[in-house]
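Here is the structure we will look at, set down as structure tokens.
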Amino acid sequence: MSELDHGIADLNGDQAAVFQAVSYLESGPAGPGDLEQIARRAGLDRERASRALDELMGPLGLVTAVEDPNSARGHAVYRVQSLG
């Protein structure tokens, strides 16, 4: 089992839903999703999705935020953290 697989197996329900939403949106034709898109895809309200994203970016290190080049206000979009 890889380190990434082990990390994903340890996620709580909100974290797992958000991680799956980030991965799904990132691999789609529109590219990485913002908080609203991730919350909608994960079936969570904005606050719960934001908290899960913070956890996934912080101690878990599974997701990273990047500036959305298409956003005039500099909103972030989220990607699965590259291991390489």
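Values in this document were obtained by computation on a predicted structure and should not be read as measured data. Side chains included, hydrogens not; waters and symmetry mates left out as well; all remaining heavy atoms used.
- Salt bridge absent: Arg40 and Glu36 never bring a charged side-chain N and a carboxylate O closer than 4.0 Å.
- Residue Leu56 holds its CG atom at 11.5 Å from OG1 of Thr64, rounded to the nearest 0.5 Å.
- With rounding to the nearest 0.5 angstrom, the CD atom of Glu26 is 5.0 Å from the CZ atom of Arg79.
- For the residue pair Pro32 and Tyr78, the shortest heavy atom distance occurs at CB-O, 3.4 Å.
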Legend entry - Test log, rule side-chain contact (heavy atoms from CB on, under 4.5 Å), inputs Phe19 and Val80: CA-CA 8 Å; Phe19 183 82; Val80 172; 4.0 Å; yes
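- The side-chain contact (heavy atoms from CB on, under 4.5 Å) test with Val63 is passed by exactly one of Leu53, Asp54, Ile38: Leu53.
- Side-chain atoms of Gln15 come within 3.5 Å of backbone N or O of Asn12 as a donor-acceptor pair.
- Rounded to the nearest 0.5 angstrom, Leu60 CG and Asp10 CG are separated by 8.5 Å.
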Legend entry - Test side-chain contact (heavy atoms from CB on, under 4.5 Å) applied to Val77 and Gln37, step by step: CA-CA 9 Å; Val77 292; Gln37 293 167 310; 5.5 Å; no
Legend entry - CA sep, side-chain torsions, deciding dist, call: Glu47, Arg51, salt bridge (charged side-chain N to carboxylate O under 4.0 Å, His left out): CA-CA 6 Å; Glu47 183 179 323; Arg51 187 172 34 250; 3.6 Å; yes
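- Under a 3.5 Å cut-off, the side chain of Ser50 and the backbone N or O of Arg46 do not form any donor-acceptor pair.
- The two residues Ala17 and Ala42 have their closest heavy-atom pair at O-CB, 3.7 Å.
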